Amino acid sequence: MNIEKDDFTLKSYDPSDIEQKWQNNWAKFKAFNADSEKGGEPFCIVIPPPNVTGSLHMGHAFNTALIDVIVRFQRLRGKNVLCLPGTDHASIAVQTILEKQIKKEGLDLEEIGREEFMKRAWKWKEESGGNIVSQLKSIGYSVDWGRERFTLDDQLNKAVVSAFVLLHKRNLIYRGEYLVNWCPSSQSAVSDLEVEMQEVNGFLWHFKYPLIMDDQNVEDQYLEVATTRPETLLGDTAVAVNPEDKRYQNLIGKYVKVPFVNREIPIVGDSHVDMSFGTGCVKVTPAHDPNDFQIGKRNNLKQINIMNKDGTLNNNAGKFENLDRFQARKQIIQELDDIGLLTKIENYTHTVPFSDRGKVPIEPLLSTQWFLKMENISSDCLDKLNSNEPNFIPLRWQKVYKDWLTNINDWCISRQLWWGHQIPAWYVLNDSEDKVDQSTPYVIAHDENEALNIAKEKFGLNIKLVRDKDVLDTWFSSGLWPFSTLGWPSTDSKDFQKWYPNSLLVTGFDIIFFWVARMTMMGNIFTAKIPFKDVYIHGLVRDENNKKMSKSAGNGIDPLLLIEKYGSDALRFALIREVAGAGQDIRLDFDRKKQTSSTVEASRNFANKLWNATKFALINTTKNVNIEKIEFESNKLELSDQWILSRLNKTKNKVTDLIHNYKLGEAAKLIYEFTWNDFCDWYVEFLKPRFNANESSSRSNDENLLIHILNDILIMLNPFMPHITEELWHALNNHSQNKLLSLQKWPSISSDHINNDLEKSFEEFFEIIRLIRNLRAEIGLKPSQLISIYLISNNSKLLNFLTKLASDIKLFTKSENVYIFQEAEINKKDYAKSFSGIVGDLEVYLPFEGIINLDILRERLTNDLSKVNKEIEVLSKRIENKNFVEKAPKDIVNECKLKLDEANSQSKSIIQKLKMLD
RNA sequence: GGGCGAUUAGCUCAGUGGUUAGAGCACUACCUUGACAUGGUAGGGGUCACUGGUUCGAAUCCAGUAUUGCCCA
């Protein structure tokens, strides 16, 4: 683990040299394996388990980076941290992938058989899961790999079965015939959430149903209806009108005849019918439309299912049997037209439900499914939300969660798939029976033995059991994730005792309903607790065109590509730096031709800067450093030392606070600014002359302070850039064998060192340096050309301060002499033909008589004057405003007055100089 | 139709009522200096979407409009 310093100083930064090495070291030392026996306040996150559908995308990298920063931070803060990794089996998605492969081989599911299919599925899981784990490792995730879980593990299956049995015991699970969202492509029911509404340019077909009147000729009178789905007329069991509708009131109770199937159906009154839409008459197909289903219930209508599960019509469709639903539509329109019943075709834009996975229109289908009653479960969660359980960050996402829980429907939890948790339900048949139907009794049990015992007790000995073939919705097992991973249903497991409820959940806003709400509901039922205290919601990663990155759109960027190019540290830092406004989507720039990202490149450059700053320290410090014992003496500190310590402690203070408040982007920016601007740009420059001097009594103190500062930077940055900081810390430290930066302590803050007045003075100092450099540039001096500088002011405190830093001014401005004068001591006329500028109440002169073109000088002064005059104008207007003086806070008014005074004297001075030029 | 966001420099974004609105990238000029050219120094670049209001004072608060993104029905 130890690194030779001499070798290090020769190297330049290349992330590929170091990242793999530290990932291996962390693994070797089991650095992030949690120990429930250890003390310390527990902190637990279970990661959102990625689907085993191939590989990770940028969204996962983003989520990972955020979680890892928080987890590493809490670890450095001394908490007993568990970060538990795992993957999700993703029933529909994985089964779809496998079915496609099988189809390519010219086979279908039935030919393959359940056993062979499951073999293939597990093989796929091993490959995809392994791939995902190695990707997570290459990001540098500090999770406990010893506790990795998969949602289909035996232990998690035990949890799922127990959960199902418990829910059933509490009468929350039922088997019922309802209209479900049927995906004819995957031939499974899907939940509301897996349905995507899409706007479609379709048609509204108007056609006539012949009225059946007791006293008149049937053929003469018609009722006109309009529909976007004419094929469903075969399943119509009524026509509904609004009872208030004068046009049709008298027809309620009469009948019309459905063409083709020649069914006589009633005209019913239902107040939900919109009189102004279409003709005001609605054909009602209770078995194929959610609204019609409700009308049917209210009016006791028959439900006639006309559809097979693959989307073809069944024998209720008469002569249209076996036609595909869309083919049937065409043919029915044609035939309606042929017999003169089609009256009108309107263009009509409407929204059609599509299956999220199957990408075909959903068919609302009457079928027998398993449901979970949601009413009480969700209202219990809503109650807890009143006391901020869980606490959403940012808070506005709470509303999304709340609205969904408020308008919730029962959850269809069965899926007609093979890959997943098989439902622990056994149908009870007589020895002679072999067909399960809607009325077949069933028992729910943990296993077949238990089921058999229960069944025998209930139904006698001459029975046999058939297990339900279906599996549970994937989100059913995901809902248990925060506690099934910790050993539940056993609640006395050490992990569960120590780390439940979890401290935090970090996830994207797109799965607040899918996952967050399911976890809170399941958690609340089974543990009487909301499973996590905080929920930190982040945005999605979008591509350069502001489109959500997704596999289907093909616009994803492989995180590994960027890691290879710029390093994981750079990718992590780039993603986090972009987060500043939490919960906002982030847009990652990416040049697809060059395969580059300037955002990530900027972060890589920052890493390089840090690398070289450390190299500077290594070159200039003694070779035997024990970083944990580094101390410096406060009485040997120079002004610049005091300044950097003030900046450092302020930064530590703010960064600590920001991370606690999940403002990771701001924290990252702050460390970046401190490291680059304060430390590298200025402080290292202050140190150079000291280190270049041959002898100095404070040399070792200087070195110790430098290492102290770097050490603090490295620890603060460690959660964001774990690899490079680990590498540099070991490079600096000669006593780091068997130690890891990742397991050190977060730096303590000494507020004694914070000195706001000093920081202000240094700000002014930097302004002066910038002005002088700027003046030099304007004159066109070469960097090598040395000059003299005159600093003149009446502010003796400032002059005193500058005198102490005179040698630094010399160095920073390439000057051979720096002269500092009280105004009284000099005659400004002597400097009339100098190049000059003003900072606050200090005037700077660069005497260059003869060399400078007086016109340039005059132009500069004139520009300065107009700027100052503008300022005077603005400020005096403000001061002359009585309301401002009376109502604004005093310190604001005073500040304004001071500024005006300063501007006035600046103006005077410039005018004087201009006069002297003439 | 309901809800939630966004609109600030060429680009990506900070900025919760108080100087002359900031950063990174990009751009321009100069610079191979003993940490770093993955760099340094200096510079140019903004009618804070629009319209009204509140206020001594608005990018910031309120109302409306426009454009745009997402969620739900």
Side-chain angles (χ1 to χ4, degrees), chain A residues 9 12-15 192-193 195-197 290 351 353 394 396-397 399-400 403-404 407 509-510 512-513 539-540 542 544 546-548 566-567 570 574 577-581 583-590 597-620 663 665-666 669-670 672-673 676-677 679-681 684-685 687-688 691-692 706 769-778 780-784 811-814 867-868 870-871 874-875 877-889 891-893 895-896 898-900 902-903:
Chain A
T9 55
S12 57
Y13 176 54
D14 181 356
D192 289 348
L193 290 173
V195 173
E196 197 184 326
M197 301 304 282
T351 44
R396 65 190 168 91
W397 292 110
K399 197 170 180 294
V400 176
D403 286 351
W404 190 72
N407 302 311
F509 65 76
D510 52 330
I512 290 176
F513 326 128
L540 308 174
R542 296 181 177 277
E544 65 279 14
N546 205 20
K547 293 272 178 286
K548 180 180 167 179
Y566 303 109
R577 253 187 79 159
E578 294 297 316
V579 201
Q584 219 75 278
D585 287 353
I586 65 171
R587 204 186 293 198
L588 192 71
D589 75 294
F590 186 67
S597 162
S598 64
T599 310
V600 183
E601 193 182 332
S603 293
R604 193 271 321 265
N605 293 352
F606 173 59
N608 182 60
K609 189 74 179 175
L610 179 70
W611 180 276
N612 285 300
T614 307
K615 213 155 118 177
F616 170 82
L618 285 169
I619 291 165
N620 287 291
K663 301 200 169 169
E666 280 179 61
K669 277 179 200 160
L670 220 58
Y672 179 99
E673 280 164 17
W676 202 314
N677 304 340
F679 180 69
C680 292
D681 286 352
V684 167
E685 296 305 321
L687 281 183
K688 278 179 185 172
F691 284 163
N692 288 340
L706 171 62
I769 302 296
R770 272 184 218 115
L771 172 68
I772 296 166
R773 285 169 172 173
N774 169 275
L775 291 171
R776 287 185 59 115
E778 260 181 89
L781 286 180
K782 282 186 180 160
S784 56
L811 216 81
F812 292 165
T813 62
K814 309 259 174 172
K867 268 187 209 164
V868 171
K870 254 184 212 161
E871 203 185 336
V874 171
L875 290 170
K877 254 190 199 167
R878 198 173 299 167
I879 288 292
E880 282 157 22
N881 184 344
K882 271 186 189 169
N883 280 324
F884 172 69
V885 179
E886 279 166 23
K887 292 184 181 172
D891 50 334
I892 300 285
V893 177
E895 208 183 320
C896 189
L898 280 174
K899 270 176 213 155
L900 184 58
E902 196 173 89

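Convention: sequence-line order gives letters A, B, ...; per-chain numbering from 1. As the structure is a computational prediction, the values presented were derived from the model and not from experiment.
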>> Regarding A:E871 and A:K867, does a basic nitrogen lie under 4.0 Å from an acidic carboxylate oxygen?
In response: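 A:K867 and A:E871: not salt-bridged.
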
>> Taking A:E685 first and then A:K688, would you say they form a salt bridge - that is, a charged N and a carboxylate O separated by under 4.0 Å?
In response: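 Salt bridge present between A:E685 and A:K688.
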
Using the [atom1] atom in both, what is the distance from [N] to [M], to the nearest Å?
| N | M | atom1 | value |
| --- | --- | --- | --- |
| B:rG22 | B:rC4 | C1' | 28 Å |
| B:rG2 | B:rG57 | P | 36 Å |
| B:rC56 | B:rU51 | C1' | 23 Å |
| B:rC50 | B:rC31 | C1' | 46 Å |
| B:rG15 | B:rA6 | P | 10 Å |
| B:rG64 | B:rA9 | P | 26 Å |
| B:rC11 | B:rC62 | P | 27 Å |
| B:rA29 | B:rG34 | P | 25 Å |

> So, does A:R773 use its side chain to make a donor-acceptor pair with the main chain of A:K814 at under 3.5 Å?
Replying inline: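 No, the answer is negative, given that no donor and acceptor are paired below the 3.5 Å cut-off.
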
> When you measure from the side chain of A:N407 to the backbone N and O of A:D403, does any donor-acceptor pair fall under 3.5 Å?
Replying inline: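 Between the backbone of A:D403 and the side chain of A:N407 there is a qualifying donor-acceptor contact (under 3.5 Å).
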
Under 4.0 Å between a side-chain N/O of [X] and OP1 or OP2 of [N], yes or no?
| X | N | result |
| --- | --- | --- |
| A:R604 | B:rU38 | no |
| A:K877 | B:rG57 | no |
| A:N774 | B:rG43 | yes |
| A:W404 | B:rA73 | no |
| A:K688 | B:rA35 | yes |
| A:R396 | B:rC4 | no |
| A:N407 | B:rC72 | no |

Measuring from the side chain of [X] (C-beta onward, heavy atoms only), which nucleotide among [options] has the closest atom?
| X | options | result |
| --- | --- | --- |
| A:R770 | B:rA35, B:rG18, B:rA42 | B:rA42 |
| A:R773 | B:rU41, B:rA35, B:rG18 | B:rU41 |
| A:K399 | B:rG3, B:rG18, B:rC70 | B:rG3 |
| A:K615 | B:rG15, B:rC56, B:rA35 | B:rA35 |
| A:E871 | B:rC71, B:rU20, B:rG24 | B:rU20 |
| A:V874 | B:rU20, B:rG39, B:rA42 | B:rU20 |
| A:K669 | B:rG39, B:rA35, B:rA14 | B:rA14 |
| A:F884 | B:rA23, B:rG18, B:rU19 | B:rG18 |
| A:R878 | B:rU12, B:rG24, B:rU20 | B:rU20 |
| A:A777 | B:rU19, B:rC25, B:rA42 | B:rA42 |

Identify the nucleotide, in any strand shown, that forms a Watson-Crick or G-U wobble pair with [N], with both distances under 3.5 Å; if there is none, say none.
| N | result |
| --- | --- |
| B:rG45 | none |
| B:rA63 | B:rU51 |
| B:rG5 | B:rU68 |
| B:rC56 | B:rG18 |

> Counting any heavy atom closer than 4.0 Å, what does A:A613 reach on the DNA or RNA strands: base, sugar-phosphate only, or nothing?
Replying inline: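 The answer is base, as A:A613 lies within the cut-off (heavy atoms under 4.0 Å) of a base atom.
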
> A:F513 near the nucleic acid: base, sugar-phosphate alone, or nothing, with a heavy-atom cut-off under 4.0 Å?
Replying inline: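 It contacts sugar-phosphate atoms only.
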
> About how many Å separate OG1 of A:T599 and OH of A:Y566, when rounded to the nearest 0.5 Å?
Replying inline: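 One gets 9.5 Å once the value is rounded to the nearest 0.5 Å.
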
>> Return whichever of A:R542 or A:S598 has its heavy-atom-nearest nucleotide of RNA chain B closer to the 5' end.
In response: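 Looking at the nearest nucleotide for each, A:S598 comes out on the 5' side.
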
> After noting the C-alpha distance and the side-chain angles of A:V600 and A:F590, does the key distance pass the side-chain contact (heavy atoms from CB on, under 4.5 Å) rule?
Replying inline: CA-CA 9 Å; A:V600 183; A:F590 186 67; over 6 Å; no

>> Walk me through whether A:F616 and A:V684 qualify under side-chain contact (heavy atoms from CB on, under 4.5 Å).
In response: CA-CA 8 Å; A:F616 170 82; A:V684 167; 3.8 Å; yes

